[in-house]
Amino acid sequence: MNRSATSAAGAESRFLKALSGEVQTVPPVWLMRQAGRYLPEYRELRARAGSFLDLCYTPEFATEVTLQPIRRFALDAAILFSDILVVPHALGQEVRFVEGEGPRLDPVASLSEFARLREEIDLGFLAPVYETVARVRAALDPEVALIGFCGAPYTVATYMVGGRGGDEQAAARKLAYREPETFQALIDRLVEASVAHLLAQVRAGAQAVQVFDSWSGDLPPAEFARWSTEPIRAICAKVKAAAPEVKLIAFARGAGAKLADFAAAVPADAFGLATAENRIAARAAVPAGVALQGNVDPIALVAGGAALDAAVDGVLADLGHGPLIVNLGHGVRQETPPEHVAQMVARVRRG
Ligand SMILES: Cc1c2[nH]c(c1CCC(=O)O)Cc1[nH]c(c(CCC(=O)O)c1C)Cc1[nH]c(c(CCC(=O)O)c1C)Cc1[nH]c(c(C)c1CCC(=O)O)C2
């Protein structure tokens with residue numbers, strides 16, 4: 001095949017074809033958190049790199065970690081190794097990761113604390129991230145696509161306001177009820193910052209971008225419409241307007257019955273499905289020709305064996321008649337045996 005006629009946009013990429021609405025006998029597969037602590041080579045490099053953020057901000061290391069799962073498994077896409085919390089970091093908020101616990105931020109819980117943040121994201125601060133994107137794109141085969149990402153404004157705001165995850169995101173939700181103007185201003189700033197961050201990744205070589213809304217599924221419908229759907233709609237519309245060629249994946253984890261309204265409003269090329277979603281209902285809720293991505297149970301991936309094969313087969317049977325990207329319903333868990341990832345990819349490829 002004449003590879004020189006094929007741009008980095010990879011005309012033969014199964015992943016990009018699915019995002020263009022193609023139904024394929026063998027659908028593409030990649031996994032959320034496909035790089036990370038379940039891989040011994042990640043743990044080894046992580047120990048040398050220092051902190052998790054040092055890993056994210058050192059292009060040499062972040063490139064290597066992004067490529068680790070691609071070397072092991074026949075995945076159709078790589079996802080940039082970074083984190084959703086680099087956006088508040090580049091807005092001037094203090095962000096750190098506590099070993100074994102997770103992220104800690106100096107909370108932004110009032111208008112005066114919000115006023116101390118930068119009005120615009122400092123893209124220069126994130127230059128190592130874009131450098132990583134360029135290095136990864138240059139290292140990948142043309143048929144392996146590169147995914148960039150950001151957190152959705154609501155999910156990022158829950159960490160910014162609460163200073164940490166957990167407690168049903170109560171700190172952010174209280175602020176949204178008590179001071180909706182302050183919360184709206186924070187969300188609006190995150191919309192602009194996210195668009196700038198995604199477009200910088202696209203300029204550096206990302207062919208698709210995913211917006212992760214990990215926590216909005218817990219919101220009641222009216223709050224979900226305001227704090228999840230509308231900001232993600234705005235991000236997707238702005239990214240599409242500035243970079244019409246880029247493919248968009250929106251993942252509102254646990255949207256459930258709210259998916260139909262979400263998918264009607266958000267101009268994405270694919271919608272991610274969490275583990276507990278009803279796939280048949282989801283297919284009916286999303287416009288025809290738009291891809292679905294998901295939703296093998298990450299715990300079935302830990303279990304492996306016949307249960308994993310059955311979980312993969314269920315996704316293929318329920319969603320394979322439409323454009324489909326096989327993935328998990330959430331990220332790979334740390335205790336996952338790497339051989340089970342190989343098993344999952346082989347099961348998808350059976351055709
Ligand atoms: C909520 C959220 C975060 N980060 C992310 C989300 C949304 C998706 C989701 O719901 O999981 C997204 C994310 N985080 C990471 C990626 C890299 C790409 C990938 O492989 O998918 C992506 C896309 C690496 C990471 N982000 C983090 C790690 C673990 C870092 C380490 O200790 O080595 C990795 C590989 C740390 C992180 N980062 C975050 C938390 C809560 C934690 C701690 C939990 C944990 O340690 O697993 C915030």
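Counting starts at 1 for both ligands and their atoms, in listed order.
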Tell me whether ligand 1 is touched by Ala35 - counting only heavy atoms on the residue side and a distance under 4.0 Å. yes
A student checking ligand 1 against Phe97 at a 4.0 Å heavy-atom cut-off should list atoms 36 (C), 37 (C), 38 (N)
Give the single entry among Ala62, Gly102, Pro103, Gly100 that approaches atom 40 (C) of ligand 1 most closely by any heavy atom. Pro103
Ligand 1 atoms in contact with Tyr159 (distance to a heavy atom under 4.0 Å): 1 (C), 41 (C)
Criterion ring-ring contact (aromatic ring centres under 6.0 Å, His included) against Phe81, the qualifying member of Tyr57, Tyr42, Phe149: Tyr42
Are Tyr154 and Phe224 close enough that their ring centres sit under 6.0 Å apart? no
Starting from atom 5 (C) of ligand 1, find the nearest protein heavy-atom neighbour and note its residue, name and distance. Ile84 CG2, 3.7 Å
Counting only heavy atoms, tell me which of Gly165, Ser82, Gly36 gets closest to atom 24 (C) of ligand 1. Ser82
Closest to atom 30 (C) of ligand 1 (heavy atoms only, candidates Tyr38, Trp30, Phe52, Phe212) is Phe52
For ligand 1, which atoms, with element, lie under 4.0 Å from some heavy atom of Phe81? 35 (C)
Do any N/O atoms on Ser214 end up under 3.5 angstrom from N/O atoms on ligand 1? yes
Just checking, is any N or O donor in the side chain of Asp213 or Thr155 under 3.5 Å from an acceptor N or O on the other one? yes
Geometric N/O contact Arg33 with ligand 1, under 3.5 angstrom: yes
Taking both backbone and side-chain atoms of Arg253, is any N or O found less than 3.5 Å from an N or O belonging to ligand 1? no
Indicate yes or no: at least one non-hydrogen side-chain atom of Asn295 is less than 4.5 angstrom from one of His330. no
Give the ring-plane orientation class for Phe183 versus Trp227, where under 30° counts as parallel, over 60° as perpendicular and anything between as tilted. perpendicular
Return yes if a side-chain donor-acceptor contact under 3.5 Å exists between Gln201 and His197, otherwise no. yes
Among protein heavy atoms, which lies nearest atom 39 (C) of ligand 1, and at what distance? Asp83 OD1, 3.7 Å
Can you sort out which atoms of ligand 1 are near Gln34, meaning under 4.0 Å from one of its heavy atoms? 20 (O)
Would you say that more than 12 heavy atoms from the other residues, nucleotides or ligands in this model lie under 6.0 Å from the CD of Glu22, or not? yes
Answer with side chain, backbone, both or neither: which part of Leu80 has a heavy atom less than 4.0 angstrom from an atom of ligand 1? backbone
Please determine if His330 has a nitrogen or oxygen closer than 3.5 Å to a nitrogen or oxygen of ligand 1. yes
How are the rings of Phe52 and Phe97 set to each other: parallel, tilted or perpendicular (split at 30° and 60°)? perpendicular
Geometric N/O contact Tyr42 with ligand 1, under 3.5 angstrom: yes
When you look for heavy atoms under 4.0 Å from ligand 1, do you find them on the side chain of Arg37, its backbone, both, or neither? side chain
Show which atoms of ligand 1 fall inside a sub-4.0 Å distance from at least one heavy-atom site of Arg46. 31 (C), 32 (O), 33 (O)
